[in-house]
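Working notes for the structure below.
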Amino acid sequence: MAEITHIDYDPATYWTTSAKNFRSSARLHLQHFLFQRTLGYVLESHVLAFISSSDNGRSGRSSLRVADIGCGNGAWLCDLNDELLKASTSAQLDGAISLEELDVMKPPSDDLLEVYDIVHIRAFSSILVDTGVGPLLSFVHAILKSGGYVQWEEVQGDKLVIEAAESASANNVSTKACDTISQMLEAAGKARGSNFGFIDRLDHEIQGFGGFEDVHKQVFEKRKQDYKAWTEDMLMVWGDLAIHIPTKADEPTAKLTRESFLDLFRRAVDETEYGVAIHQRMIMVAVGRKGA
């Protein structure tokens with residue numbers, strides 16, 4: 001079998017593929033639950049204090065306007081109302097959640113300007129290729145009300161950890177298949193110009209953009225007891241890549257075909273069944289308030 005060294009796919013295409021189905025939604029629910037178990041909140045404390053305060057421009061029991069960029073199946077929004085009820089805040093969602101397809105790399109339409117109290121972003125790093133964070137932050141700043149907050153959460157996309165549990169290491173369990181897929185995806189990212197360096201300095205990126213105040217960052221280490229679930233979440237992403245790889249019948253001379261990738265993927269799954277974990281060690285949360 002030819003050496004498998006590279007996979008050519010576009011993450012932006014992956015996220016919009018028509019092949020997304022209930023399995024994709026299940027993976028997004030799992031990812032959401034894992035984020036929540038790691039962070040321990042839906043809204044960061046400064047954001048929660050803002051909507052509970054008397055000087056936020058709203059009075060009485062009023063509805064929040066919240067935009068969740070890259071919302072997936074809406075799992076985060078569905079949990080938000082519970083967070084507000086637990087906090088006994090006067091603010092609440094009005095029960096209406098609408099999902100709309102927008103290009104957040106372009107200026108928003110006039111009807112979206114300065115209408116949101118909170119903008120939430122999660123796991124957007126694979127979309128930001130070549131553009132950097134500028135166009136996205138420009139969109140966010142434009143749709144936020146003065147004094148409104150952005151809350152941005154990212155995993156360390158360039159720091160994928162593949163490690164065997166102590167018992168697996170003692171039994172010389174291989175990580176070769178998992179390592180190979182990881183290296184292929186890293187090579188594909190570099191070929192596309194992906195740069196995840198902004199994640200570690202996410203707060204500085206928001207501060208440097210201008211127009212945001214009280215910017216700060218929190219760093220959360222993933223819980224070891226969740227590594228198995230994070231591994232399964234990553235395996236679902238890897239498994240869905242196969243549809244983007246040509247079959248041997250379509251490209252007989254290709255070094256990587258769908259059939260060879262699926263064989264590699266099956267071996268990677270086998271490794272995880274014997275104790276190999278796949279995860280990104282940290283989650284970064286950056287929060288900032290739009291100035292007057």
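The first residue of the sequence shown is numbered 1, and numbering continues consecutively from there. Please read all numbers here as calculations on a predicted model, not as lab measurements.
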Tell me, please, which residues at least two apart from [X] pass ring-ring contact (aromatic ring centres under 6.0 Å, His included).
X: His32; value: none
X: His204; value: none
X: Phe139; value: none

same_hphob_cluster([X], [Y]) at 4.5 Å side-chain heavy-atom cutoff:
X: Val155; Y: Tyr227; answer: no
X: Phe124; Y: Phe196; answer: yes
X: Leu112; Y: Leu136; answer: yes
X: Val115; Y: Val140; answer: yes
X: Phe261; Y: Val269; answer: yes

Audit row: Phe198, Ser125, side chain to side chain contact (heavy atoms under 4.5 Å, CB included) steps and yes/no: CA-CA 9 Å; Phe198 77 90; Ser125 58; 3.9 Å; yes

Please check: side-chain N/O of [X] versus main-chain N/O of [Y], any donor-acceptor pairing under 3.5 Å?
X: Lys222; Y: Gln280; answer: yes
X: Gln151; Y: Glu44; answer: yes
X: Thr175; Y: Cys178; answer: no
X: Arg258; Y: Ile243; answer: yes
X: Lys145; Y: Lys290; answer: no

Can you list the residues that meet the side-chain hydrogen bond (donor to acceptor under 3.5 Å, both in side chains) rule with [X], with sequence neighbours excluded?
X: Thr253; value: none
X: Thr231; value: none
X: Asp250; value: Thr247
X: Glu213; value: Arg289

To the nearest 0.5 angstrom, please state how far the [atom1] atom of [X] sits from the [atom2] atom of [Y].
X: Gln218; Y: Ile283; atom1: CD; atom2: CD1; answer: 11.5 Å
X: Arg27; Y: Gln31; atom1: CZ; atom2: CD; answer: 5.0 Å
X: Asn73; Y: Phe22; atom1: CG; atom2: CZ; answer: 14.0 Å
X: Asp226; Y: Phe33; atom1: CG; atom2: CZ; answer: 13.0 Å
X: Ile118; Y: Ile143; atom1: CD1; atom2: CD1; answer: 12.0 Å
X: Asp240; Y: Ser24; atom1: CG; atom2: OG; answer: 5.0 Å

Looking at Arg267 and Glu271, is there a salt bridge between them, counting it only when a charged N and a carboxylate O are closer than 4.0 Å?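 No, no charged N to carboxylate O under 4.0 Å.
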
Using a strict 4.0 Å threshold on nitrogen-to-oxygen distance, state whether Asp117 and Arg65 make a salt bridge.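 Judged by the 4.0 Å cut-off on N to carboxylate O distance, Asp117 and Arg65 do not form a salt bridge.
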
Could you give all pairs that pass the salt bridge (charged side-chain N to carboxylate O under 4.0 Å, His left out) test and reach residues 174-184, with sequence neighbours left out?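 Checked against salt bridge (charged side-chain N to carboxylate O under 4.0 Å, His left out) - neighbours excluded - no pair reaches residues 174-184.
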
State, to 0.1 Å, how close [X] and [Y] come at their nearest heavy-atom pair, and which atoms those are.
X: Leu28; Y: Gly72; result: CD1-CA, 3.9 Å
X: Leu144; Y: Val150; result: CD1-N, 4.1 Å
X: Asp200; Y: Gln156; result: OD1-NE2, 3.2 Å
X: Phe265; Y: Ile181; result: CA-CD1, 4.0 Å
X: Trp230; Y: Leu34; result: CZ2-CB, 3.4 Å
X: Gly288; Y: Val215; result: CA-CG2, 4.0 Å

So which of Trp76, Trp152, Tyr149, Tyr41 actually passes ring-ring contact (aromatic ring centres under 6.0 Å, His included) with His120?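 In the set Trp76, Trp152, Tyr149, Tyr41, the residue that makes a ring-ring contact (aromatic ring centres under 6.0 Å, His included) with His120 is Trp76.
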
With sequence neighbours excluded, tell me which residues meet salt bridge (Lys or Arg N to Asp or Glu O under 4.0 Å) with [X].
X: Glu154; value: none
X: Glu153; value: Arg122
X: Glu251; value: none
X: Arg266; value: none

Evaluation steps, side chain to side chain contact (heavy atoms under 4.5 Å, CB included), between Val285 and Phe220: CA-CA 8 Å; Val285 181; Phe220 296 84; 3.9 Å; yes

Is it the case that atom CG in Asp111 sees more than 12 heavy atoms from other parts of the structure closer than 6.0 Å?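 Buried by this count: over 12 neighbours within 6.0 Å.
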
Taking the side chain as every heavy atom from C-beta outward, state whether [X] and [Y] have any pair of such atoms under 4.5 Å apart.
X: Ile127; Y: Met105; result: yes
X: Met234; Y: Leu160; result: yes
X: Val104; Y: Ile121; result: no
X: Arg281; Y: Glu163; result: yes

Test side chain to side chain contact (heavy atoms under 4.5 Å, CB included) on Met184 and Leu256 and set out the steps. CA-CA 10 Å; Met184 289 161 49; Leu256 177 65; 3.7 Å; yes

side-chain contact (heavy atoms from CB on, under 4.5 Å) partner of Phe212, the single match among Asp203, Val287, Ile206: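 Between Phe212 and the candidates, side-chain contact (heavy atoms from CB on, under 4.5 Å) is satisfied uniquely by Ile206.
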
